There are 2 protein chains.
Amino acid sequence: MPDDAAGRPPVPGSDEAFRALADPTRRRILDLLADHGSLTVADLVAQFPGLVASGISKHLMALRAAGLVTAVRRGRHQVYAIDADGLGRALAPWAARYEAYWAEALTRLRAASTGTAGTDPRE
Amino acid sequence: MPDDAAGRPPVPGSDEAFRALADPTRRRILDLLADHGSLTVADLVAQFPGLVASGISKHLMALRAAGLVTAVRRGRHQVYAIDADGLGRALAPWAARYEAYWAEALTRLRAASTGTAGTDPRE
DNA sequence: CCAACGCCTTACCGTACGGTAATGCATTAC
DNA sequence: GTAATGCATTACCGTACGGTAAGGCGTTGG
């Protein structure tokens, strides 16, 4: 990248958030945190058989740098949780611009999941 | 990546979409397409002083592979536009899960831009 | 105090990504 | 028909990313 003269005045801190969300593992971590509220590193490691603790820790650091999760020490464990405020601030501007696009797909998705209970986000 | 044993059955085609959105240049291309409706490669190249046509073309291919934009030939120009349906299908499941997080930030954002005639997709 | 534990940190490696330059294949213009 | 345009494609390069393995520091427990 020779220079950033392309100009990117809009969305200041969202870059890191979008880059963080690019990785499927990190999105799954967010999903797990959204489901369970808060989890330790060990809890998360148990959910990823193909990864060791270091990898999970690195992903968590990336999410933390992007402001998507928060970390607090509890004893010798580190408990992670979704940073609702940070996630909102990072994605709200983009969502405001594009929510119209997925709005109809969303209502269709909600209608389809009424009774079918399966994870089938298409058709 | 030795294997994908970590398990990623959910959100089948969203991976490419999120990876495509990770790059600021591609998000800016989407913004430009959202603003102008449809643009040719040359139009987009004019918006990025720091890039040559090949680079723009590659970004457009990535966006097309992710199902976020569509391309049609008009004469010897290639006209790109946002694929509303593809964008919706790719992001709707994720948005359905996390929209609550940016909902409050969104209303706050809308309240702040009341009267400042920004880019308002709806209402 | 000392050993075990838990997590972060650093070093390192392979691969994929973003970028340019050069080539190819259409379509338009002369 | 031939030349020029417009975009895609390919080849190539530097860098950043995702992953593991090894080391460090604070915390828990005897």
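A quick note: this is a predicted structure, and the numbers were derived from the prediction, not measured. Below, chain A is the first sequence line, B the second, and so on; all start at residue 1.
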> Of all the choices, dT20(D), dT9(C), dT20(C), which nucleotide is nearest to the side chain of M61(A) once you look at every atom?
Replying inline: dT9(C)
> With respect to the phosphate group of dG6(D), does any side-chain polar atom (N or O) of Y80(B) fall under 4.0 Å of OP1 or OP2?
Replying inline: no
>> Can you confirm whether V79(B) sits close enough to T40(B) that some side-chain heavy atom of one is under 4.5 Å from a side-chain heavy atom of the other?
In response: yes
> Taking the side chain of K58(B) as heavy atoms from C-beta outward, which of dC8(C), dG18(C), dT20(D) is closest to it?
Replying inline: dG18(C)
>> Can you tell me which nucleotide in dC7(C), dT9(D), dC7(D) comes closest to the side chain of T40(B)?
In response: dC7(D)
>> If I take atom CG in residue D43(B) and atom P in nucleotide dG6(D), what distance separates them, rounded to the nearest angstrom?
In response: 11 Å
> Would you say the ring centroid of Y98(B) lies under 6.0 angstrom from that of W94(B)?
Replying inline: yes
> Hey, does the side chain of S57(B) come within less than 4.0 Å of dC7(D)'s phosphate (OP1/OP2), counting only N and O?
Replying inline: no
>> For R27(A), is there an ion pair with D31(A) - N to carboxylate O distance below 4.0 angstrom?
In response: no
> R73(A) CZ to dT27(D) P: how many Å, rounded?
Replying inline: 6 Å
> Counting any heavy atom closer than 4.0 Å, what does A42(A) reach on the DNA or RNA strands: base, sugar-phosphate only, or nothing?
Replying inline: sugar-phosphate
> Over how many whole Å does the gap from Q78(A) atom CD to dG26(D) atom P extend?
Replying inline: 14 Å
>> Whole angstroms only, please: what is the CZ-P distance between R74(A) and dC8(C)?
In response: 14 Å
> Does the base of dA8(D) carry an N or O that pairs as donor and acceptor with the side chain of S54(B) under 3.5 Å?
Replying inline: no
> Once you round it to whole Å, what is the distance between P of dT27(D) and NE2 of H77(A)?
Replying inline: 13 Å
> Roughly how many Å is it from CD1 in I56(A) to P in dC7(C), rounded to a whole number?
Replying inline: 12 Å
> What is the nucleic acid contact for G75(A), judged by heavy atoms within less than 4.0 Å: base, sugar-phosphate only, or nothing?
Replying inline: sugar-phosphate
>> How many whole angstroms separate atom CZ of F18(A) from atom P of dG18(C)?
In response: 15 Å
> When you check the phosphate oxygens OP1 and OP2 of dG18(D), does a side-chain N or O of R26(A) lie under 4.0 Å from one of them?
Replying inline: yes
> Rounded to whole angstrom units, what separation is found between the CZ atom of R76(A) and the C1' atom of dC5(C)?
Replying inline: 4 Å
>> Using a strict threshold of under 4.0 Å (side-chain N to carboxylate O), is an ion pair present between D35(A) and R97(B)?
In response: yes
> What distance do F48(B) atom CZ and H59(B) atom NE2 have between them, rounded to the nearest 0.5 Å?
Replying inline: 8.0 Å
